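Below is one structure, written out as structure tokens, with a few remarks after it.
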Amino acid sequence: MIPIAFITDNNYFMPTMVAIQSLIDKKEDSDPQIYILGINLCLANERFLNNYQNNESNIIYHPVAFSLYEDFITKEGQYVSIAALVKFQLAELFPEFDKLLYLDSDIIIRHSLQPLYDTDLENNYAAVVKDLMAIKQKDNERLGLNTYFNSGVLLLNCKKIREEHLFEKLLKEKRNNTALHYMDQDVFNVIFNNNVKFINVINNYQTYYGNLNIVNINMHFERSYASQKSLDKEIIVLHLAGRCKPWNSKSVNYYEEWLQYYKKLNRDESELKDKPYEITNYFFTKRYVGDKDTFVLIKKKKVLKRHIENGTALYTFLGLFKIRLKYIL
């Protein structure tokens, strides 16, 4: 049996159910026990979940008290919900498990999760996948770390996390370190402090990796894939990373693949939004180590200027018209 946890609030309830539908369709020889940790779900979503549970006996719903996290404030420019902070508490919420698999809601499961769950954690806090984009942006250097992992897929060593009281340490770090940017990811990287086991990128393949040269992917993840196509066939967890998601933009990569699971929930495609994120006059983004002004170009036209101010990257719109972008990374 593979214990798998999802965390959701009302804003992410529908994507969570789509992710779970993909998991159920691809469970193959695995035996998943799915736990949905719900935060203040409305009656309509609870009814939907109850009906879904009637057809899928391996789903358990756990309402989560959110009082510990209500005083945390989302920084301007962040799109990750405060609900993500419940990840800190997973080992405590499931004292019966020595090992637990956590999955973000913006994913598609393509193959059985059994090989991922069978990973030997040895004496590490978790098995994780490096975050290539974060490392390129030097998020690891910003935190004084050798490398950096993505927290969208975490195979957690719950026994060790409980023994070393990491829940309290994670919460304290989030509360006291004002230099942190990502909702939960920076904190995990700081507290786990490289005491993690890095595993194959196929266990948390972020969709924008498809725009990269396979040579760079092989070098970064220490693999030897012949092509993006050969890598794509082996992906177990496809992570729909970035601001634009299939539920708010029909133009994103893997939209049709995601849509097939959405339709299995008996939902009408017309309910989906189709609003790719647009550049506005001024917006806030994540912190960077670099201190040089840079520009974003579209067809050789300068569209955005990135200016560093007190360690924070600010983007100023330079164009005379709004430009719809497929992704803003």
Side-chain angles (χ1 to χ4, degrees), residues 4 6-28 34 36 45 48 52 77-81 83-84 103-113 129 131-134 150-153 201-214 217 225 227-280 283 285 296 298-299 303 322-329:
I4 302 171
F6 289 87
I7 299 169
T8 188
D9 55 15
N10 289 310
N11 291 328
Y12 255 72
F13 179 77
M14 179 269 288
T16 301
M17 297 310 300
V18 175
I20 289 171
Q21 183 63 51
S22 74
L23 168 57
I24 289 171
D25 281 12
K26 294 296 189 299
K27 61 185 179 182
E28 298 171 9
I34 303 167
I36 301 176
N45 285 336
F48 182 95
Y52 196 84
Q78 287 187 338
Y79 60 92
V80 178
S81 168
L103 299 173
D104 269 357
S105 298
D106 55 343
I107 62 164
I108 298 171
I109 302 299
R110 287 194 164 174
H111 299 292
S112 169
L113 293 170
V129 174
D131 192 317
L132 176 54
M133 191 59 66
N150 182 273
S151 65
V153 177
V201 64
I202 63 174
N203 295 295
N204 184 359
Y205 181 89
Q206 299 188 60
T207 49
Y208 51 77
Y209 289 166
N211 299 321
L212 302 177
N213 188 298
I214 193 64
I217 293 178
Y225 291 104
S227 63
Q228 278 282 0
K229 186 176 181 180
S230 62
L231 169 57
D232 190 75
K233 290 179 180 178
E234 296 188 23
I235 294 171
I236 295 174
V237 181
L238 179 66
H239 191 170
L240 306 165
R243 290 177 180 269
C244 283
K245 310 290 188 183
W247 51 94
N248 60 35
S249 174
K250 297 178 182 179
S251 63
V252 300
N253 291 336
Y254 302 99
Y255 172 77
E256 293 296 334
E257 184 175 348
W258 180 88
L259 183 64
Q260 66 176 308
Y261 301 111
Y262 174 85
K263 288 182 175 179
K264 287 188 175 183
L265 299 176
N266 296 317
R267 290 178 177 264
D268 185 350
E269 185 179 354
S270 64
E271 297 176 5
L272 295 173
K273 298 178 183 178
D274 188 17
K275 295 181 179 179
Y277 279 83
E278 294 183 341
I279 300 171
T280 54
F283 65 88
T285 187
V296 174
I298 296 182
K299 295 183 179 180
V303 177
K322 286 188 176 182
I323 296 177
R324 287 152 64 98
L325 289 182
K326 197 171 187 180
Y327 294 104
I328 297 177
L329 297 177

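Just so it is clear, the structure is predicted and the values come from calculations on it, not from any experiment.
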[X] side, atom [atom1]; [Y] side, atom [atom2] - distance, nearest 0.5 Å:
| X | Y | atom1 | atom2 | value |
| --- | --- | --- | --- | --- |
| H111 | L238 | NE2 | CG | 10.5 Å |
| N150 | M133 | CG | CE | 11.5 Å |
| N45 | N10 | CG | CG | 5.0 Å |
| L265 | F48 | CG | CZ | 4.5 Å |
| M17 | T8 | CE | OG1 | 9.0 Å |
| L23 | I108 | CG | CD1 | 12.5 Å |

Item to check | Parallel, tilted or perpendicular, as decided by the 30° and 60° cut-offs, for the rings of W258 and W247 | outcome: tilted
At their closest point, which heavy atom of [X] faces which heavy atom of [Y], and how far apart are they?
| X | Y | answer |
| --- | --- | --- |
| T16 | I7 | OG1-O, 4.2 Å |
| A19 | S105 | CB-O, 3.5 Å |
| A241 | Q206 | CB-OE1, 3.3 Å |
| I235 | R110 | O-CB, 3.1 Å |
| L132 | Y209 | N-OH, 2.9 Å |

Checklist entry - Taking only residues two or more places apart in sequence, or in another chain, which ones meet N266 in a side chain to side chain contact (heavy atoms under 4.5 Å, CB included)? => result none
Item to check | D104 side chain vs D106 backbone, donor-acceptor pair below 3.5 Å | outcome: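 Looks like no, no N/O pair under 3.5 Å.
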Checklist entry - Do any N or O atoms from the side chain of R267 and from the backbone of L272 form a donor-acceptor pair under 3.5 angstrom? => result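 Absent.
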Item to check | Check against side chain to side chain contact (heavy atoms under 4.5 Å, CB included), T207 and V252 | outcome: CA-CA 10 Å; T207 49; V252 300; over 6 Å; no
Checklist entry - Do L113 and L103 pass the side chain to side chain contact (heavy atoms under 4.5 Å, CB included) test, and can you show the C-alpha distance, the side-chain angles, and the key distance before you say yes or no? => result CA-CA 11 Å; L113 293 170; L103 299 173; 4.0 Å; yes
Validation row: [X], [Y] side chains within 4.5 angstrom (heavy atoms):
| X | Y | result |
| --- | --- | --- |
| V129 | H239 | no |
| V237 | I109 | yes |
| Q21 | Y262 | no |

Checklist entry - Which is it for K264 and D25 under the side chain to side chain contact (heavy atoms under 4.5 Å, CB included) test, yes or no, and what are the steps along the way? => result CA-CA 10 Å; K264 287 188 175 183; D25 281 12; 2.5 Å; yes
Checklist entry - Which is it for I214 and S227 under the side chain to side chain contact (heavy atoms under 4.5 Å, CB included) test, yes or no, and what are the steps along the way? => result CA-CA 6 Å; I214 193 64; S227 63; 5.5 Å; no
Item to check | Between Y205 and E234, a side-chain donor and acceptor under 3.5 Å | outcome: no
Checklist entry - Is there a donor in the side chain of Y261 and an acceptor in the side chain of K26, or the other way round, less than 3.5 Å apart? => result yes
Checklist entry - Considering residues at least two apart in sequence or located in another chain, which fulfil the side chain to side chain donor-acceptor pair (under 3.5 Å) criterion with Q260? => result none
